[in-house]
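What you are looking at is a predicted structure, and each value in this text was computed from that prediction instead of being measured.
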Amino acid sequence: MKQLLITFALLALTLGAGAQNVRFNKNSRIVTSEDSPAAAILQRYLGEATGYAFPIVNGSSKKADILLREVANLPEDAFRIGLENGAVVLEGSGKSLSYAACDFLEQEVGMNYWGGGEYDLPRVNTVTVRPRTEIPAFRYRQCSHYLIREDPFLRTWMRLEEPKDLFVDNLWVHTCNRLLPASRYGARHPEYYAYYNGKRHPGSASQWCMSNPEVLEIVCGTLDSLFRAHPEQKMISISQNDGSDTYCRCPVCQAIMDEEGSPSGPILRFVNAVAERFPDKEISTLAYLFSVQPPKMTKPRPNVSIMLCDIDCRRQTSLPENPSGQVFMRALEGWSAICDNIFLWDYGINFDNYLSPFPNLQTIKDNMVIFKDHGVKMHFSQINSSRGGDMAELRPYLVSKLMWNPRASLDSLERHFCEAYYGAAAPQILRYIHTMEGAAVATDVDLFIYDSPVSYKGNILQPALFKRYNAMFDEAEAAVADDPLRLSRVRRSRLPLQYSALEIARTDLHRDNAAVEKQLDLFESRIREFNVPSLNERANSPQEYCKLFRERYLTSQEGNLAFGRPVSFAINPRPKYVELGKTALTDGLYGGAGYVESWVGWEGTDADFTIDLGSIQSIHEIGADFLRQIGAWVLEPKSVRFSVSADGKDYQTFDYKTLEENRSGAIEFTPVVGKGEAQARYVRLFVEGVKDCPEWHYGVGNPCWMFIDEVWVK
C-alpha cells in the first residue's frame, strides 16, 4: 500500500494530560490521506471488537473518530498516540504508523496477538486513551519466532525487522564468499585468502587476506554494482566467514595484528578503506569469535557499523556475573568507546538441542539494559524460538517488548503473557519457569549454547527437581483440561521436559525400557500433533530421533563380546578422554547429538586402540559408531582397519572399510562394520582421521575432531 503523504503542520499533543474515554458507534470512521496499512489493521480488528464497520475515509479535514497522520519529526520507528477534538490521533512515519495501530489495539482495546491467526480480542465500544510518545530503545530490532515466517503481520505486531529490510541484497553476515567467491578466485589467486599453518587456504569458508590491495579493489567494485542495483538501501556487510582461528597470519596481516593487539585490526582497516570509498553508505562488519576484541589504534569511520557477537558467553547469569561474560564486557566497553554504531548480536539458544530447557529468561532484561547503556543502536536476539522449543512463544514476546523498552518490568511482562496465553494454567507455568531459573543460579549451571540435557542431570534436571517440574505441568494440564486451546499450549510447552527425560534415560544402562518406550510413544505423538520440525540447528527431525532412539538406545548388549571389556590405546585420544575412553568405548551406552557424554574424541590425529575380550572367541562382526557434527568440527574418519590377534602380538586384518567424504550439515551417527571369520582374543581398530578441516568447512586448515562412542564385537 502507498505511504501516507500528509504535509500539514503537526498539532502538539498534551502528553502530560490524563487519560480520556472515547466511545465508538456505528458511524465511527478512520480518516487518513490515502490507503494505509495502519488503517486496514484498525478497520479489521476494531470492527471485530466493536461490531462496527469503521469505513476508511480519505482526507484531512473530515470529522474523524480515528485520525492517522504521517509526520516526519519523530525518531526512527517512533510514534504518538493522543487525542484531538474528541478523536484518537495516531502519528508516525511509514511502518511506525502501523506500530501505533498495533499499540493502540494492545493497550487501549486489550488485544493480544499470538501469531498464526491466534489472538484474543475483547468486545468493547469504549476505550480509555492514554496520550503518549513511544520511542524504541534500538533503531533496529530483530529476534527469532517460528510463526513470523508464516504470518508477516506478527512481525508488524511485535515491531520487528529483518536483515532484508536493511542490508543490500540481504548481505548482512558472513559475506566473504559472496563478495569474493572462492569458486572464481581461489585457484587463480590463493594470495587473496588467509595464510596460516604454513600455507594459503582458499575456499568457500575461508577468510580473506585483508592486507591485499587487490582484494580491496575487487570488493569495492562488487559493492559499487550492488549499491547501483539497490539504490533504496544503504547498508551492507563485509564480514568474516563463520569459524574461528582461520584469520590471515601473513607477514603484513601479522604486523597489523601485533600493532593493534587483535585480529580485528586488519579487518577494521580494510572496512574503513571501503567506507571511505562509499561515504554515503553504511558498511557493517563482524566482531565475532577471533575478532571480538577491538583494536588498540584504529577507530571505525562514522559510517562503519560493528556487529558485536557474544557467542562464547554462558547464559545462566547476566554478562558481568560470569567469567565468559566479563571477557565479552571488555570487548563491549572497548568498542563502545570508539564506535557509535554497534549492532549487538546476542544469543539465547541451544543450537544442539532446541527442545532442551534453557532457563535464561531472567538474564534477558539485565543484558538488554547493559547493551542500551553502552550505546548499542541495533540489536538481534537469536533466541530459542523454534516450534516446540523451550518457551518458544514467551521468549520472542519478552524480547520484542524489552528491545523496545529494556527497563520494562520483566515480571509484569511474564505474568501478562502467561495469564493471557495459558489462562488458568498460568500460575503453574510461572512457578515452573521461576523454579528452574532459581535452580540454575543456585547450582551455577554452565548454560551454554551448544549443550545437551544430559549436562544438566546433576543440577537443574536432577531427579528431585524433575519430579517437581512434572508435578507443576500435571497441575497446569488439569487446570485447563476443559479448555482445548490452552491445554494444547501447555502440552506443547511441556515437550522440552519430555525430551530431556528421554535424553537422560538413554544414558542409564539400568533404565526400565518398557517405561522409556511408553515415554517415547507419548513424545512421538506430541511432536506429530504440534508439527515440531527440528531438534537442532542442523535440522535433524524429531521423528527420526524417535526412530533412532528405538534402534540405537533401546538395544540389548546380549551377544556383544566387547561389552564391559578393557581398552588400551596406542594413539591416545585427547587428554580429557583418555580415562573415560578406557570404559566408554565398551560400556554399551551410545552418545547423543552432542559430544558431552559417552563419546571419546581424537583431534587432528588417527586413532589406534585394542580391546581385550578376555579369551579366544569366534568373531564374525566388529563395528564402531562415529559422530558427525560439522558445527563442532566433528567429521567421520577416512577409513577403519579392523584387526584381530590371538596373543596380542601378531595381528591379522579382519576387514578394512573406507568412507566417502560427507558434506551433509545434519548431525549423523555413522556405524562402520567389518565382517569376516576369526578366532581371536584381541580386537584392534586403526582409524584414519581426516585430521584437518577441508576447504569447504569453516574450520578450514585447523585440526578437526573424530568421536567414537561404542565398539561391538559379535
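- Evaluated for a side-chain contact (heavy atoms from CB on, under 4.5 Å) with Met368, the options Lys401, Met403, Arg407 yield exactly one hit, Met403.
- In terms of heavy-atom proximity, Asp242 sits nearest to Tyr698 at O-CB, 2.9 Å.
- Leu520 places none of its side-chain heavy atoms less than 4.5 Å from the side chain of Tyr553.
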Do Phe343 and Val173 pass the side-chain contact (heavy atoms from CB on, under 4.5 Å) test, and can you show the C-alpha distance, the side-chain angles, and the key distance before you say yes or no? CA-CA 11 Å; Phe343 185 135; Val173 69; over 6 Å; no

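- Using a 30° and 60° split on the angle between ring planes, Tyr577 and Trp705 fall in the perpendicular class, above 60°.
- Using bins of under 30°, 30° to 60° and over 60° for the plane-to-plane angle, the ring pair Tyr347/Phe351 lands in the perpendicular bin.
- When side chains are defined from C-beta on, Tyr354 does not count as touching Val532, because their heavy atoms never get closer than 4.5 Å.
- Take Arg565 and apply the salt bridge (Lys or Arg N to Asp or Glu O under 4.0 Å) test, not counting sequence neighbours, and it matches no residue.
- Within the 4.5 Å cutoff, side-chain heavy atoms of Arg552 are placed close to those of Asp625.
- Partner Trp114 forms a ring-ring contact (aromatic ring centres under 6.0 Å, His included) with one of Phe417, Tyr422, Tyr119 and no other, that one being Phe417.
- Atom OG1 of Thr507 and atom CD of Glu597 lie 6.5 Å apart (nearest 0.5 Å).
- Side-chain contact check for Trp345 versus Leu308: every heavy-atom pair is 4.5 Å or farther apart.
- Among the candidates Gln519, Gln498, Arg550, the single residue satisfying the side-chain hydrogen bond (donor to acceptor under 3.5 Å, both in side chains) test with Glu524 is Arg550.
- Around the CG atom of Asp482, the shell of radius 6.0 Å holds no more than 12 heavy atoms that belong to other residues, nucleotides or ligands.
- Leu495 contributes atom CG, which lies 11.5 Å from atom CZ of Arg387 (distance to the nearest 0.5 angstrom).
- Considering only heavy atoms from C-beta on, Met436 comes within 4.5 Å of Leu461 through its side chain.
- Under the 4.0 Å criterion applied to side-chain N and carboxylate O atoms, Glu579 and Lys582 are assigned as salt-bridge partners.
- A donor-acceptor contact closer than 3.5 angstrom is absent between the side chains of Asn360 and Arg314.
- Inter-residue side-chain proximity for Pro396 and Tyr146 is flagged as unmet; no heavy-atom pair is nearer than 4.5 Å.
- Annotation: Tyr545 is in aromatic contact with Tyr499 [ring centroid separation under 6.0 Å].
- Between Phe707 and Tyr595, the ring planes lie parallel to each other; the angle is under 30°, not in the 30° to 60° tilted range.
- The aromatic rings of Tyr99 and Trp404 lie perpendicular to each other, with more than 60° between the two planes, well past the 30° mark.
- Interatomic distance, CD of Glu150 versus NE2 of His145, reported as 9.5 Å (0.5 Å rounding).
- You'll find the side chain of His416 reaches within 4.5 Å of the side chain of Tyr397, heavy atoms only.
- By the 6.0 Å contact criterion, CZ on Arg431 is enclosed, its count of non-hydrogen atoms from other residues, nucleotides or ligands being greater than 12.
- Taking CG of Asn322 as the reference point, atom CG of Asp446 lies at 8.0 Å (rounded to 0.5 Å).
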